[in-house]
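Below is one structure; the comments refer to it alone.
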Amino acid sequence: MLLGAGLLGIASAAPALGGEVGACLITKTDTNPFFVKMKEGATAKAAELGVTLKAYAGKIDGDNESQVAAMESCIADGAKGILLVPSDSKAIVDAVKKARDAGILVIALDTPLDPIDAADSTFATDNFKAGELIGAWAKAQLGDASKDAKIAYLDLNPSQPTVDVLRDQGFMTGFGIDVKDANKIGDEDDARNVCHDVTNGNEEGGRAAMENCLTREPAINVVYTINEPAAAGAFEALKAAGREKDVLVVSVDGGCPGVKNVAAGIIGATSQQYPLLMAAMGIEAIKKFADTGEKPKLTEGKNFFDTGAALVTDKPAAGVESIDTKAGTEKCWG
């Protein structure tokens, strides 16, 4: 039941987790291209280093119970390390503590735990910076009209995991909006923020959230989305409403489908991140920990290891560093 749900999408890079160095990868889902690529990166690096890998995924984004069940399985199997993309960055903390108390190295990928030091380390995009880049770009594109923007935020889920909060609040900061409590979505009082809705990070959710927001405010002209699948769904809703040509859509991910959507004008700009790198580095860190007991170091001046991000757009804005879709395609995934 719970365990069965957590075992959806299980895959081994070697015969079984009883090898000399065993590792687990636990992602939010096994369908989002970001997590598919992350699994590929972990599997390839595990095979290269002789690490035995098991991969688990929840049924949907936000499925904390399946992730807890997967953590229990990894502890029982005697894994040396766990790579975790938490669906609920607060609710999973007790399970993480249990794993660490058992001597297992736990590294959060992409989404920091809350608090961040509940994991041994975090390998992630600077999600706040990723949001800030698309916010600054959107503001620059609008120019003086940014003072009267009507912005919809298509976020992740009601539990407000850290990745959701960081990107959302980063966008507002880049756009010049007072975020109020930087750890909370939706408490700001800027009149330009006309709608917050959730998408579960998928296309269907993006479409439904965009429809809801257009019902609340038909004059929306800027749409922030948590990721590119949500952006694709939002575009379909905008197209159905006849608004696809006069709304600026921005996102985060940098997957190949998303970069193509930037080139096609469906997404104005996206912040590209690198899931394969996160996962491969995570496996390397687990192997090193198993061999030497050494835990991974952090990026200087940050409380996580920054795996990088780049703004991808074919409409560069003064003062906002970016790469074009040709360069983005060379680095994309999925």
field: Shared hydrophobic cluster, V179 / I226 (ILVMFWY, side-chain heavy atoms < 4.5 Å)
entry: yes

task: For residues S87 and P161, report the shortest heavy-atom separation together with the two atoms involved.
output: O-CB, 3.7 Å

message: Tell me the closest heavy-atom pair linking D164 and Y224, and the distance in Å.
response: O-OH, 4.2 Å

- request: Compare every heavy atom of K80 with every heavy atom of E20, then report the nearest pair and how far apart it is.
  value: O-CE, 3.9 Å

message: Would the distance check show the side chain of T292 and the main-chain N or O of F289 forming a donor-acceptor pair, the cut-off being under 3.5 Å?
response: no

Closest non-hydrogen atom pair, V262 against T313: CG1-CA, 3.9 Å

field: Residue pair M38 / L83, side-chain heavy-atom distance below 4.5 Å
entry: no

query: Between I26 and C74, is any pair of side-chain heavy atoms under 4.5 Å apart?
result: yes

field: same_hphob_cluster(V163, V85) at 4.5 Å side-chain heavy-atom cutoff
entry: no

field: E284 side chain near L49 side chain, heavy-atom distance below 4.5 Å
entry: yes

- line: dist K28:NZ -> L84:CG (nearest 0.5 Å) comes out at 9.5 Å

- prompt: To the nearest 0.5 Å, what is the distance between CG (L311) and CD (E132)?
  reply: 11.5 Å

task: Measure across D63 and G58 and return the closest heavy-atom pair with its distance rounded to 0.1 Å.
output: OD2-CA, 3.6 Å

query: Is the backbone of I185 close enough, under 3.5 Å, to the side chain of Q160 for a donor and an acceptor to pair up by distance?
result: yes

- line: Nearest heavy-atom approach of V320 to W137 is CG2-N, 4.2 Å

message: Could you check whether E40 pairs with K37 (Lys NZ or Arg NE/NH1/NH2 to Asp/Glu carboxylate O, under 4.0 Å)?
response: yes

- prompt: Would you call I220 and M210 a side-chain contact if the rule is heavy atoms closer than 4.5 Å?
  reply: yes

- prompt: Roughly how far, to the nearest 0.5 Å, is the CD1 atom of I134 from the OG atom of S322?
  reply: 13.5 Å

query: Sub-3.5 Å donor-acceptor pair from the side chain of T199 to the main-chain atoms of D155, do we have one?
result: yes

- prompt: Would you call D190-R192 a salt bridge at under 4.0 Å N-O?
  reply: yes

message: Walk me through whether S251 and T225 qualify under side-chain hydrogen bond (donor to acceptor under 3.5 Å, both in side chains).
response: CA-CA 5 Å; S251 195; T225 66; 2.7 Å; yes

message: Check this for me, if you would: do K297 and E294 make a salt bridge, where the nitrogen-to-carboxylate-oxygen distance has to be below 4.0 angstrom?
response: yes

task: Give the intermediate values and the outcome of side-chain hydrogen bond (donor to acceptor under 3.5 Å, both in side chains) for residues K54 and S73.
output: CA-CA 10 Å; K54 280 189 175 181; S73 294; over 6 Å; no

- prompt: Does the pair K180/D178 count as a salt bridge with the N-to-O cut at 4.0 Å?
  reply: yes

- prompt: How long is the gap from CG on D197 to CG on N212, to the nearest 0.5 Å?
  reply: 4.5 Å

message: I want to check something: taking the side chain as every heavy atom from C-beta on, are R167 and L156 in contact at a cut-off of under 4.5 Å?
response: no

- prompt: Quick one: do M281 and L109 end up in the same hydrophobic cluster if we chain Ile, Leu, Val, Met, Phe, Trp and Tyr together by side-chain heavy atoms under 4.5 Å apart?
  reply: yes

task: Could you state whether L113 and I104 fall into the same hydrophobic cluster, counting links through intermediate Ile, Leu, Val, Met, Phe, Trp or Tyr residues with side-chain heavy atoms under 4.5 angstrom apart?
output: yes

Carboxylate-amine/guanidinium proximity below 4.0 Å for K129 and D306: no

- request: Dump the intermediate steps for side chain to side chain contact (heavy atoms under 4.5 Å, CB included) on K98 and M71, then the final yes or no.
  value: CA-CA 9 Å; K98 186 174 180 180; M71 294 283 291; over 6 Å; no

query: Just wondering, are more than 12 heavy atoms of other shown residues or ligands nearer than 6.0 Å to NZ in K302?
result: yes

task: Assess whether side chain to side chain contact (heavy atoms under 4.5 Å, CB included) is satisfied between Q67 and Y56, documenting all intermediate values.
output: CA-CA 8 Å; Q67 291 199 319; Y56 301 82; over 6 Å; no

message: W333 vs D253, test: side chain to side chain contact (heavy atoms under 4.5 Å, CB included). Steps then yes/no.
response: CA-CA 9 Å; W333 42 268; D253 259 353; 4.0 Å; yes

message: Given 3.5 Å as the limit, does a donor-acceptor pair link the side chain of N221 with the main chain of K150, or not?
response: yes

message: Can you tell me how far apart CG (N32) and NZ (K39) are? Round to the nearest 0.5 Å.
response: 13.0 Å

query: Counting only heavy atoms not in E217, do more than 12 sit closer than 6.0 Å to its CD atom?
result: yes

Sidechain N-carboxylate O distance under 4.0 Å for D101, K97: yes

- prompt: Is a donor on one side and an acceptor on the other found under 3.5 Å between the side chain of N227 and the backbone of G201?
  reply: yes

query: Out of curiosity, M278 CE to I283 CD1, how far, rounded to the nearest 0.5 Å?
result: 14.5 Å

message: Hydrophobic cluster membership, with links at side-chain heavy-atom distances under 4.5 Å among I/L/V/M/F/W/Y: are F35 and V259 in one?
response: no

- prompt: Got Q273 and D110 here, is their nearest side-chain heavy-atom distance under 4.5 Å?
  reply: yes

- request: Test F235 against V247 for side chain to side chain contact (heavy atoms under 4.5 Å, CB included), laying out the working first.
  value: CA-CA 9 Å; F235 179 79; V247 177; over 6 Å; no

query: Does a side-chain heavy-atom distance below 4.5 Å link E228 with F34?
result: no

- request: Flag the pair E203 and R207 as a salt bridge only when some basic side-chain nitrogen lies within less than 4.0 angstrom of an acidic carboxylate oxygen.
  value: yes

message: Taking the basic N atoms (NZ, or NE/NH1/NH2) and the acidic carboxylate oxygens, is any pair closer than 4.0 Å for E48 and K45?
response: yes

message: Please verify the inter-ring angle class for Y153 with H196; under 30° counts as parallel, over 60° as perpendicular, anything in between as tilted.
response: parallel

message: Using a strict threshold of under 4.0 Å (side-chain N to carboxylate O), is an ion pair present between D120 and K295?
response: yes

message: Treating T307 as the side-chain partner and A124 as the backbone partner, does any N or O pair qualify as donor plus acceptor under 3.5 Å?
response: yes

- prompt: Taking the side chain as C-beta and beyond, is there a heavy-atom pair between L166 and P112 under 4.5 Å?
  reply: yes

field: Worked verdict on T162 versus D114 for side-chain hydrogen bond (donor to acceptor under 3.5 Å, both in side chains)
entry: CA-CA 7 Å; T162 51; D114 187 3; over 6 Å; no

field: Sidechain-backbone polar pair: K139 side chain, A136 backbone, donor-acceptor under 3.5 Å
entry: no

